[in-house]
Each structure stands twice: as C-alpha cells, then as structure tokens.
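Here the structure is a predicted model, which is why all the values come from computation and not from measurement. Position 1 is the first residue of the sequence; numbering continues from there.
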Amino acid sequence: MNSDADYIRLALKQAKKAALMDEVPVGAVIIDNTNKIIGYGHNQPISLNDPTAHAEILSLRMAAKKINNYRLLNTTIYVTLEPCVMCMSAIIHARVQRLVFGAYDLKSGGAGSIYDLPSDGKLNHDIETIGGILEAETSDIIKNFFKTKRSK
C-alpha cells in the first residue's frame with residue numbers, strides 16, 4: 001500500500017465510522033516517511049462534546065503521542081475532505097510535510113477552496129497539498145450523509 005489513493009481509502013474507512021456514529025463522515029490517516037500509519041481518526045465533535053474533535057485533529061494528536069513529538073516532520077496526512085481553517089492551521093503548526101485530500105469543501109475549505117492557507121507566503125511552513133484524490137467517493141459519502149439527514 002503506497003499510493004495516495006490507497007491511503008485515502010483507509011481514511012474513507014474512518015469516515016464510515018463517523019457516519020455510523022451520526023457524525024459528519026470525515027476520516028483522516030497520517031503516515032510517516034516509511035509509510036507506517038502513525039495516526040488516524042474520524043469526526044467526533046458531537047459524541048465527544050468537543051468542537052475541535054475533527055478527524056484531522058484527532059489523528060494529529062494520536063501521531064504526536066505515537067512519536068512523542070508535537071512536530072510531525074516528514075509525514076503525510078490523508079483526509080477525505082479538504083480541511084477547514086482550524087484543521088489546516090493545526091496541520092501547518094505540526095509541520096506536516098504533505099496534505100492529500102479527497103473532496104473539496106466549497107463551504108469551509110482551508111486548503112484552496114475558500115481559504116488557501118498552504119499557499120499563504122506569510123506562514124512559516126510550506127506544505128505540499130494535493131486535492132481531488134478519489135474525489136467522487138469522498139464527496140459521495142458526505143452528500144449521502146446529508147441527503148439521509150434531510151429526508152428524516
């Protein structure tokens with residue numbers, strides 16, 4: 001398992017866990033430079049009563065504990081949905097090397113759609129950003145989640 005699509009598929013498995021909990025289905029996976037998974041998570045702000053419990057934040061926390069360092073140098077984070085500004089800021093502050101995401105978030109995206117924090121030359125860390133990996137699948141899980149919610 002070495003392709004970006006493979007890791008987005010793992011993040012999708014995390015997103016499905018969120019959906020089962022009636023949370024917005026977003027999942028994240030973090031790998032180190034040897035392609036070892038060091039963090040993963042799915043949205044849980046409702047179940048944890050924590051507005052910061054997004055998939056990205058939870059996976060960053062797990063990875064930092066795993067390597068015993070808040071700096072996640074030489075890592076890649078895979079997320080099913082373009083990170084919001086809060087998550088994008090955390091990813092940048094953690095010094096993650098690469099961000100790969102599936103669906104673009106045209107309502108609150110912080111990696112190119114609404115805001116483009118990774119390309120802001122004022123920040124002290126550059127992060128390689130690739131969006132649109134398995135975009136149809138990652139977009140569908142969110143669309144179907146909200147479609148189901150609206151029909152209830």
Taking Met88's backbone N and O only, do any of them form a donor-acceptor pair with Glu56's side chain (distance below 3.5 Å, no angle check)? no
### Message
Testing the 3.5 Å rule here: is there a donor-acceptor pair between the side chains of Thr75 and Gln97?
### Response
no
The reported gap from CG in Asp32 to CG in Leu72 (rounded to nearest 0.5 angstrom) is 10.5 Å
_Are Glu137 and Thr80 packed together at the side-chain level, in the sense that at least one heavy-atom pair is separated by less than 4.5 angstrom?_
no
The single option from Lys17, Glu23, Gln14 that satisfies side chain to side chain donor-acceptor pair (under 3.5 Å) with His42 is Gln14
Flag side-chain contact, heavy atom, 4.5 Å: Ile142 against Val26: yes
Exercise for the section: For Asn69, look at atom CG and say whether over 12 heavy atoms of other residues, nucleotides or ligands are found less than 6.0 Å away. Expected result: yes
* Consider only side-chain N and O atoms of Arg9 and Ser3, and report whether a donor and an acceptor are under 3.5 Å apart. => no
ask   = Any chain of hydrophobic side-chain contacts (each under 4.5 Å) joining Val85 to Val96?
value = yes
Between Tyr78 and the options Tyr40, Tyr7, Phe101, the ring-ring contact (aromatic ring centres under 6.0 Å, His included) test singles out Tyr7
- Task: May I have the step-by-step check of side chain to side chain contact (heavy atoms under 4.5 Å, CB included) for Leu117 and Ile92, ending in yes or no?
- Result: CA-CA 8 Å; Leu117 294 182; Ile92 290 168; 3.9 Å; yes
Q.
With side chain to side chain contact (heavy atoms under 4.5 Å, CB included) as the criterion, how do Ile77 and Val29 come out once you've worked through the C-alpha distance, each side chain's angles and the decisive distance to 0.1 Å?
A. CA-CA 6 Å; Ile77 186 167; Val29 173; over 6 Å; no
- Query: So, do Leu123 and His125 sit near enough that their side-chain heavy atoms are less than 4.5 Å apart?
  - Reply: no
Query raised in the report: Do other residues, nucleotides or ligands put more than 12 heavy atoms under 6.0 Å from Tyr115 OH?
Result: no
ask   = Between Asp50 and Pro45, is any pair of side-chain heavy atoms under 4.5 Å apart?
value = no
Value for OG1 (Thr52) from CD (Gln44), rounded to nearest 0.5 Å, stands at 11.0 Å
Review point. Looking at Arg98 and Asp4, does any basic side-chain N land under 4.0 Å from a carboxylate oxygen?
Key: yes
- State, with a plain yes or no, whether a side-chain heavy atom of Pro25 is found less than 4.5 Å away from one of Asn43. no
Hey, does Ser108 have a side-chain heavy atom less than 4.5 Å from the side chain of Ile114? no
When rounded to the nearest 0.5 Å, the distance separating CG of Asp120 from CD1 of Ile127 is 13.5 Å
pair Lys16-Ile141: side-chain heavy atoms closer than 4.5 Å: yes
